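Report on one structure; see the data block that follows.
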Amino acid sequence: MLDIKFIRENPDVIRKACEVKRIKSDLDRLLAVDQRRREIQQESDGIRNQSNELSGQIAHYKNPKSKLYQQMLEKGSTPEQLKAEGDRLAAESAALKQRLKDLEVENQAVGEEFKALMLTVPQVPSDKTPVGTSDADNKEVRRHGEPRKFDFEPLDHVELGKRLGIIDTERGVKIAGTRNYLLRGAGSLLHQAVLRLAMDTITARGFEPVTVPVLVRDEMMYGTGYYPGGEEQAYRCERDAKSLVGTAEVPLTAMYADEIIDESLLPMKFAAVSTCFRREAGAAGKDTHGIYRIHLFDKVEQVILCRADDAESERHHHEIIANAEAVLQALELPYRVLAVCTADMGQGKVEMYDIETWMPSRKGYGETHSASRFGDFQARRLNLRYKDGRTKSNIFCHTLNNTVIASPRILIPLLELNQNADGSVTVPKALRGYMNGLERIEAKA
RNA sequence: GGAGAGGUGGCUGAGUGGCUGAAAGCGACGGUUUGCUAAAUCGUUGUACGGGUAACACUGUACCGGGGGUUCGAAUCCCCCCCUCUCCGCCA
C-alpha cells in the first residue's frame, strides 16, 4: 500500500509503475473515489460538529446536575420550561441526523471501494530495476563458482535419491497426493543439516532466531501483500479465517504489526526456519519431475525491519543477499545473482534479486532464493511503525526479506553436483558436523 | 470444548448516560531553583483522518479491545466478535 497523498500528487509516477510492472490498477477510479471520500468526510464532520454543539446545549436544559440548569432555575425558569426547550433542541438535532445517515451509508460503500482499490496500487520500482516484460528480461548481476563437468553420465536427483533410498516420491504421493515426497535416512539428515547450517550462519550474523506460527490470520496475508491476489496459492482454512503461510516472511514481517517500535531498536533482524505450504495452483504439468516444485518444504528465511531510509534499506538488501551467498559458498554450490525485472517482481516490491543455483538435471540455473525490498509497502498494510527520535513522529518502517536456504529444493544441486561415478554422494564438508560426521551417502547393501 | 473474570492514554489505575479526550499517580520532555550523579517546583506530554499553511500556527471529526445498536448525547446501556486470565475437561 502506498500513501494516498503520494498517489494523489504523483499519479503519473503510479501510472508508469503500473505499466512497467504490468499491473492493472484503476487509478482514475481511485482518485475519483478518494475525492468523494473526502467530500463526504467534510460534510459529515460539519453535521457532527453542529450536532455536538446542540447536544452541549441540550445538556443544560435536561441535566439537573449541570450548573447552568441550576442557574436557570434560580432565574425563575420552571423545570417544565427547561424541558420544553430541551425537547425542542433535541428535535432540531434529530433532524440533522437524517442527512448524516445517508452520508454514512454512502461512506461505507465508498470506503470499501477505496480500500480495495488502494490494495491494487503497485509500489514504485527502483531506478536500478531493469525494465522488462517477462522473466526473460531479468539481468544477471554476477556468477560464483563453476558448474561441474562430469566425466561420467550423471544421474538426476530423483534417480540418485531413489537408488540411495533417501527420496521416496511414490510413497509421498500415496500419502499426500501429487507434489509430495518423503525424505528418508541420510536424505532426512541432509535436509536437517542444510537448515541447521543456514540457521547457524544467519544467527552468527546477528539475526534473532524466531520460531513462528505458520497458520496465520488472513490480515497478515493481506499485510504482507500475498492477499488479495494470492489466495489461490495458499492453503486457506475457511473455518478459522486463517491461512497456512508459504513462507516465514509472513509471520516474521507481521510480528510487530500495529506496534510502534522505538527507533533505537532498529534495524531488527529475524530469522526463522519454518515449513512452507504452497498450492502451486495453475502450475499443473510444470516442474513435475522430482522435488523442485512441491506443496511443502522447509525454509530458513531472513527478515529485516529498518528505518524508512532508502539508502539504509538498500544496504540491508545487499546484506541479506550476501548472507544467502555465504551459505551457498559454504555448500560449495555454483550460483548466479539476477536483478529481477519490473514485470517479474511483483506488486509490492521496490527492488528484487533472485539467486539461482546450478542444477545439472535442468541443464541450467534454477531459482533457490529470492530477495525483496519493499520500502514501506508492507509496513503500511501492517501498520508497522517506529517513533522517529528527532521529529517524535510515527513513521512506517521499511521491510526486506530473503531466503537463507530452502530445502529440499537445494538438495537437487547438492545431490546432483556431489554425486560420484558409483552412485554415492559426497557430503559437503560444511554439513558433516550436522550429520554425525557422515562423509558419503551410499546405497544400503 | 464447558464455567467464571476482565480488556481505559507509554505504564499503574479512577470513572456506570451530558460539565470526560478522559481524574490521580508514575514515566518522558522543557523551564526555574538549589548546585558535582539527587531533590524541589512550574509547565508540556496520544493517535488517525479531513480542512488550512510555503512550513508552522490554527481548526473539524473520530477513537476508552473490534464491529453494530439504543439516545439529542455513550468509556458508561444492549447485541455480536476478538483477545487475556482463572478453574474444569481433552491432549502432542
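All values reported here derive from a predicted model rather than from experimental measurement. Residue numbering restarts at 1 for every chain, and letters A, B, ... go by the order of the sequence lines.
Proximity of A:Asn49 to the phosphate of B:U61: a side-chain N or O atom is located under 4.0 Å from OP1 or OP2. Regarding contacts with the backbone of B:G50, a side-chain N or O of A:Arg8 is found under 4.0 angstrom from either OP1 or OP2. Using a 4.0 Å cut-off, no side-chain N or O of A:Asn52 falls inside it from OP1 or OP2 of B:G73. Taking 4.0 angstrom as the limit, A:Lys97 places none of its side-chain polar atoms (N or O) nearer than this to OP1 or OP2 of B:U71. Side-chain N/O atoms of A:Arg38 include one lying less than 4.0 angstrom from OP1 or OP2 on B:G51.
Figure legend: cation-pi geometry between A:Arg409 and A:Tyr292, with NZ or CZ positioned under 6.0 Å from the six-membered ring centre and within 45° of its axis.
Protein atom CG of A:Asn107 is 14 Å distant from nucleotide atom P of B:G67, rounded to whole Å. In this structure, the CD atom of A:Gln35 is 12 Å from the P atom of B:G50, given to the nearest Å. Taking atom NZ on A:Lys387 and atom P on B:U45, their separation rounds to 14 Å, with Å as the unit. In this structure, the CD1 atom of A:Ile7 is 15 Å from the C1' atom of B:C49, given to the nearest Å. As rounded to whole Å, 19 Å separates atom P of B:G18 from atom CG of A:Leu54. When rounded to the nearest whole Å, the span between CD of A:Glu104 and P of B:C49 equals 20 Å. When rounded to the nearest whole Å, the span between CD1 of A:Ile47 and P of B:A62 equals 12 Å.
With B:G73, B:U47, B:G18 as the candidates, the nucleotide lying closest to the side chain of A:Ile58 is B:G18. With B:C72, B:A62, B:U47 as the candidates, the nucleotide lying closest to the side chain of A:Arg385 is B:U47. Listed nucleotides: B:C72, B:C83, B:U61. Nearest to the side chain of A:Asp45: B:U61. With B:C49, B:G51, B:C82 as the choices, the nucleotide that has an atom nearest any side-chain atom of A:Arg37 turns out to be B:C49. Side-chain proximity of A:Arg217 to B:G50, B:G60, B:C83: nearest is B:C83. Between B:A62, B:G18, B:G51, one nucleotide has an atom nearer to the side chain of A:Ala59 than all others, and that is B:G18. For A:Lys5, taking side-chain heavy atoms from C-beta onward, the closest of the listed nucleotides B:G18, B:U61, B:G50 is B:G50.
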Test salt bridge (Lys or Arg N to Asp or Glu O under 4.0 Å) on A:Arg381 and A:Glu219 and set out the steps. CA-CA 9 Å; A:Arg381 292 175 171 232; A:Glu219 291 102 272; over 6 Å; no

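A:Leu328 places a side-chain heavy atom less than 4.5 Å from the side chain of A:Ile410.
A salt bridge is defined here as a Lys NZ or Arg NE, NH1 or NH2 lying under 4.0 Å from an Asp or Glu carboxylate O, and A:Glu92 with A:Arg88 meets this definition. Salt bridge status for A:Lys162 with A:Glu159: absent, with no side-chain N to carboxylate O gap under 4.0 Å. Checked for salt-bridge contact, A:Lys299 and A:Glu301 meet the test: a charged N lies under 4.0 Å from a carboxylate O.
Using a 4.0 Å heavy-atom cutoff across all strands shown, A:Lys62 reaches at least one base atom of the nucleic acid. In this structure, A:Ser55 reaches the bases: a heavy-atom distance under 4.0 Å links it to at least one base atom across the strands shown. Within 4.0 Å (heavy atoms only), A:Asp87 reaches no atom of the nucleic acid at all. Within the 4.0 angstrom heavy-atom criterion, base atoms lie near A:Gln41.
RNA chain B is contacted by both A:Leu89 and A:Glu53; A:Glu53 maps to the nucleotide lying nearer its 5′ end (nearest heavy atom per residue). Both A:Ala90 and A:His60 lie near RNA chain B, and the one whose nearest nucleotide falls closer to the 5' end is A:His60.
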